**Q** 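Let me begin by handing over the structure; questions about it come next.
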Amino acid sequence: MLTERRLRAILTPLNDLSRRLSDTLQAPYRDVFMDLAQDLNPAQKKAVEHVDGPLLILAGAGSGKTRVLTYRIYHLIHRIGLDPYQILAVTFTNKAAREMKERLERLLGPNRTPEWVGTFHALSTRLLRREADHLGFRRDFVIYDSDDQLSLVKKVMKELNISDQRFAPEAVRSHISSAKDQLVLPEAYAGRGNNFFEQHVARIYTAYQEALIRNNAMDFDDLIMRMALGFSETPSVLQRYQERFQYILVDEYQDTNHAQYRWVNQLASRYRNLCVVGDDDQSIYAWRGADIRNILDFEKDYPEADVVRLEQNYRSTRSILAVGNAIIKNNRGRKGKELWTENSDGDKIVLMETIDERDEARAIARKIRAEQASGGRPLRDFTILYRTNAQSRALEDEFRRTVMPYVIVGGLRFYERKEVKDILAYLKIVANPRDSISFRRMVNTPPRGLGDVSVDRIENFALAQEIDLIEALLRASESGVTPAAARTAIGLGQLLAGLHERLDMATSAEIARRLVEETRYLHDLEMEAARSEEAESRAQNIKELLAAIEEHAEHAPEAGLLGFLEEAALIADVDRWDERADRVTLMTLHNAKGLEFPVVFIAGMEDGLFPIARAMESQTALEEERRLFYVGITRAQHKLFLSHANLRRRFGGAMAGLRSRFADEIPGEYLDQESTVRRTSGWGADTRLARRHEDADESPDPPSPHGRFAAGQRVKHPIWGVGRILQVAGSGDDVRATIQFGNVTKKVMVRYAALEKLPS
DNA sequence: CTCTCGCCTGTTTTT
DNA sequence: CAGGCGAGAG
């Protein structure tokens with residue numbers, strides 16, 4: 001009998017072959033190969049061949065969603081005969097957009113591939129620039145990232161005399177951000193019954209928005225909000241795009257926020273050919289304003305909608321999928337579906353107990369080596385996922401120590417590094433001399449004698465004279481700064497003005513090179529590089545940035561400097577990730593969304609870390625964490641490892657590692673438990689797994705440590721080695737011992753520290 | 001006025 | 001353990 005798996009084993013190489021052939025074949029033959037390669041199940045076929053009217057595709061993890069979307073577009077253009085011009089496709093990441101475009105180009109050829117495929121932010125930026133005249137703002141705005149947003153919030157708060165001690169600027173920033181996600185403008189925000197904090201936010205929001213306009217800048221949220229509002233306020237613009245984009249596709253619809261919802265639904269309201277794809281079980285961005293109701297209520301918004309459910313999973317082994325299903329079942333408020341697969345059972349999921357985060361890293365590295373040896377897998381098959389970026393450090397240390405090639409996706413993004421942002425600030429001010437945030441950043445970097453006071457004066461002068469900031473630098477002697485400062489300012493102004501004038505003639509690469517040279521930024525760093533490793537890597541980053549600009553200038557010369565800056569602002573780290581390099585990949589669970597990997601490790605399976613402490617207080621937050629776990633599990637194709645540590649160092653101190661409640665939701669039949677912890681002697685060793693949760697009665701509470709550990713006792717700690725207890729304090733779960741290790745004293749939570757008793 | 005040094009604080013996830 | 005911020009010296 002031909003099993004699905006065998007069939008797939010035959011079809012997969014055929015798929016590749018047909019892809020290569022389709023580039024060279026004439027259309028009718030291409031079709032023949034397409035049909036062979038398609039290998040679509042009935043639900044997928046239905047979704048692909050649906051043409052007119054709204055369509056909701058509920059696509060479970062690994063159900064061939066990308067393929068369905070791609071073939072659907074192919075079908076619309078190639079079989080139905082639509083003009084690619086009429087199609088708009090919105091994806092969640094640039095990477096997804098690029099992949100879709102590449103696949104379509106292979107199927108349809110570059111000339112017949114739709115051009116409007118991208119993320120909400122990228123597409124919106126494009127629309128805003130095109131329609132700037134009609135919408136009433138300038139075309140050459142720059143984009144502020146959350147860093148810039150925060151700087152601007154601080155600046156505005158200072159101007160309004162609102163102390164940043166009373167109101168955390170970061171909290172203000174995030175409130176403004178979510179107001180924008182809801183399409184709530186400052187006036188409306190001020191009008192609704194607010195608490196004390198929000199009344200202040202309202203004032204800041206108003207001034208913040210004015211400052212953005214003054215700076216000729218838009219923040220991330222503006223990009224969506226201004227276009228969504230632009231559509232409703234400017235019917236002529238809306239109509240034009242409604243007529244143009246008669247067929248709209250939206251990926252990851254469960255992660256859209258209200259502003260994005262309005263953005264899409266206004267465009268689609270004319271022809272109602274809106275196809276949305278999503279999975280309510282994979283909604284993990286509620287904290288960013290994503291509204292799961294958008295997908296849950298799609299059938300209310302479009303009563304005539306067809307609904308297709310893709311429930312067959314092609315990605316994971318049966319065991320992995322069973323675990324995923326068992327986990328997500330614990331959530332309420334879901335549409336409800338159960339994925340199934342014809343794949344083989346595969347191995348059980350492995351849960352590893354480890355001593356601390358270093359031991360965890362060691363255990364993971366060991367597993368990778370073992371898998372490599374037994375399964376002959378390349379390093380690129382392995383991916384480690386974690387909840388917080390900070391967790392990458394221990395892993396990184398271990399991999400560096402044992403020389404295992406790795407790559408971290410996310411964390412400090414390339415374009416967010418200090419030195420890179422410094423150079424970008426120069427470029428931004430050249431592109432847009434009204435950008436006061438970038439101005440402040442670059443004007444005294446590297447230090448050139450223009451401190452806060454002088455910069456304030458120059459800025460105020462610009463404001464009073466209604467001139468831009470480069471102009472203000474040139475006329476600094478009129479601004480009231482000291483003669484020395486004025487001289488420096490004028491010199492800087494001349495450099496910037498010269499580059500600004502050449503904006504249309506010079507390439508962005510030329511401008512960047514000149515800036516780096518004249519400011520001696522790279523030069524200074526290279527001088528320092530001999531002494532400091534950090535300076536060396538920063539110099540390296542600047543060179544990498546120059547190379548990126550160079551590449552961009554060559555690849556998309558028409559985009560210019562603004563185009564490059566836009567890309568730098570909107571590109572995510574996953575977008576830069578090269579999955580072909582033979583390295584272990586490390587990333588957060590959030591970043592892993594939409595990706596798949598042969599072998600997945602999920603590290604840090606501890607309460608308080610995953611689920612994160614703050615999510616343990618509310619049911620909805622906990623359910624979002626669980627969905628995140630579900631996303632992590634369903635990334636794995638062949639093997640899945642989970643690990644937790646009994647002790648985890650976090651900001652200086654150590655934290656008790658209590659195995660995650662999610663781990664307890666995994667049915668035992670799919671689970672293999674391993675431990676690197678030797679159970680020798682001492683209280684800590686045999687009660688380590690005691691639980692604090694509902695099921696605590698399965699493993700009774702440990703005896704009070706007072707009887708076992710007392711001052712003077714010699715102990716061995718898994719991390720700090722041998723020491724002597726100075727003091728024992730606290731009771732119940734919260735017993736802390738002060739222990740002297742050599743000449744350092746540490747406080748440890750006795751219950752979880754895996755202390756070993758030593759004879760005195 | 002500007003710069004540098006050292007203290008303090010605070011870590012969820014990101015387009 | 002880093003980066004932001006305030007205080008004192010040049």
Side-chain angles (χ1 to χ4, degrees), chain A residues 90-97 118-125 143-147 149-151 154 164-165 168-170 174 177 180-181 218-225 252 255-257 259-260 283-290 385-394 397 409-413 415-418 444-457 480-485 488 534 566-575 587-593 604 608-616 621 624-625 627-629 631-632 648-653 655:
Chain A
V90 191
T91 60
F92 193 69
T93 62
N94 291 298
K95 186 173 160 38
T119 62
F120 272 106
H121 295 268
L123 294 171
S124 217
T125 307
I143 298 169
Y144 278 0
D145 64 16
S146 7
D147 234 42
Q149 274 182 54
L150 188 63
S151 306
K154 284 181 186 163
D164 57 3
Q165 298 301 314
E170 177 50 41
S174 85
S177 191
K180 291 184 175 185
D181 289 344
M218 296 206 196
D219 63 23
F220 281 152
D221 311 302
D222 272 349
L223 295 176
I224 312 293
M225 178 181 77
E252 309 277 13
D255 283 323
T256 50
N257 61 34
Q260 291 164 331
S283 157
I284 54 173
Y285 284 105
W287 53 273
R288 198 168 86 183
L385 305 178
Y386 37 77
R387 181 68 233 281
T388 67
N389 283 307
Q391 285 168 258
S392 69
R393 173 162 257 122
D397 287 347
V409 178
L412 236 205
R413 268 186 235 112
Y415 288 110
E416 279 173 7
R417 296 201 171 120
K418 185 190 169 306
N444 200 33
T445 317
R448 52 167 69 88
L450 292 173
D452 277 347
V453 178
S454 300
V455 177
D456 278 345
R457 285 183 188 159
V481 298
T482 62
T488 312
E534 196 206 322
E566 196 174 298
E567 201 177 292
L570 297 180
I571 205 147
D573 224 47
V574 243
D575 300 330
M587 65 174 88
T588 62
L589 287 146
H590 282 88
N591 261 322
K593 169 118 181 233
L609 187 60
F610 192 27
I612 201 98
R614 287 177 66 167
M616 294 178 7
E624 177 149 316
E625 292 289 299
R627 288 193 293 269
L628 189 57
F629 186 36
V631 167
R648 190 170 292 272
R649 265 160 296 228
R650 265 174 110 187
F651 29 48
M655 212 186 79

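Just so it is clear, the structure is predicted and the values come from calculations on it, not from any experiment. Only heavy atoms go into these numbers, but all of them, side chains included; no hydrogens, no water, no symmetry mates.
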**Q** In whole angstrom, what separates Asn444(A)'s CG from dC3(B)'s P?
**A** 5 Å
**Q** How close or far is atom P of dT13(B) from atom NZ of Lys593(A), stated in whole angstroms?
**A** 17 Å
**Q** Could you check how far CG of Asp181(A) sits from C1' of dT14(B), rounded to whole Å?
**A** 12 Å
**Q** In whole angstrom, give the distance that lies between atom CD of Glu624(A) and atom C1' of dT13(B).
**A** 9 Å
**Q** How many whole angstroms separate atom CG of Leu589(A) from atom C1' of dT14(B)?
**A** 14 Å
**Q** Using atom OH of Tyr415(A) as one end and atom P of dT14(B) as the other, report the distance to the nearest whole Å.
**A** 18 Å
**Q** Considering heavy-atom distances to DNA chain B, does Arg448(A) or His121(A) have its closest nucleotide positioned more toward the 5' end?
**A** Arg448(A)
**Q** Given atom CD1 of Ile284(A) and atom C1' of dT14(B), what is their separation to the nearest angstrom?
**A** 10 Å
**Q** Between Thr93(A) and dT15(B), does any side-chain N or O lie under 4.0 Å from OP1 or OP2?
**A** no
**Q** Compare the ring of Trp287(A) with the six-membered ring in the base of dT13(B) and state whether they stack (centres under 5.5 Å, planes under 30°).
**A** yes
**Q** Check this for me, if you would: do Lys180(A) and Asp219(A) make a salt bridge, where the nitrogen-to-carboxylate-oxygen distance has to be below 4.0 angstrom?
**A** yes
**Q** Can you list the residues that meet the side chain to side chain contact (heavy atoms under 4.5 Å, CB included) rule with Thr93(A), with sequence neighbours excluded?
**A** Lys95(A), Ala96(A), Asp575(A)
**Q** Please tell me which of the listed nucleotides, dT15(B), dT13(B), dC1(B), lies nearest to the side chain of Val453(A)?
**A** dC1(B)
**Q** When you get a sec, tell me which of dT15(B), dT13(B), dT12(B) is the closest nucleotide to the side chain of Ile612(A)?
**A** dT12(B)
**Q** Answer yes or no: does a side-chain N or O of Asn591(A) lie under 4.0 Å from OP1 or OP2 of dT14(B)?
**A** yes
**Q** Classify the nucleic acid contact of Leu628(A) as base, sugar-phosphate or nothing, counting any heavy atom under 4.0 Å across all strands shown.
**A** nothing
**Q** In dot-bracket form, how is DNA chain C paired, counting a Watson-Crick or G-U wobble pair only if both its distances are under 3.5 Å and using | for bases paired to another strand?
**A** ||||||||||
**Q** Check every atom of dC3(B), dA2(C), dT2(B) against the side chain of Arg393(A) and return the nucleotide holding the closest atom.
**A** dA2(C)
**Q** Please determine, for the side chain of Ser454(A), which listed nucleotide (dC1(B), dG4(C), dT14(B)) has the closest atom?
**A** dC1(B)
**Q** From the options dC1(B), dT15(B), dT12(B), select the nucleotide whose nearest atom is closest to the side chain of Arg457(A).
**A** dC1(B)
**Q** In terms of relative ring orientation, are Phe610(A) and Phe629(A) parallel, tilted or perpendicular, with 30° and 60° separating the classes?
**A** perpendicular
**Q** Just how far, in rounded Å, is P of dT13(B) from CZ of Arg627(A)?
**A** 18 Å
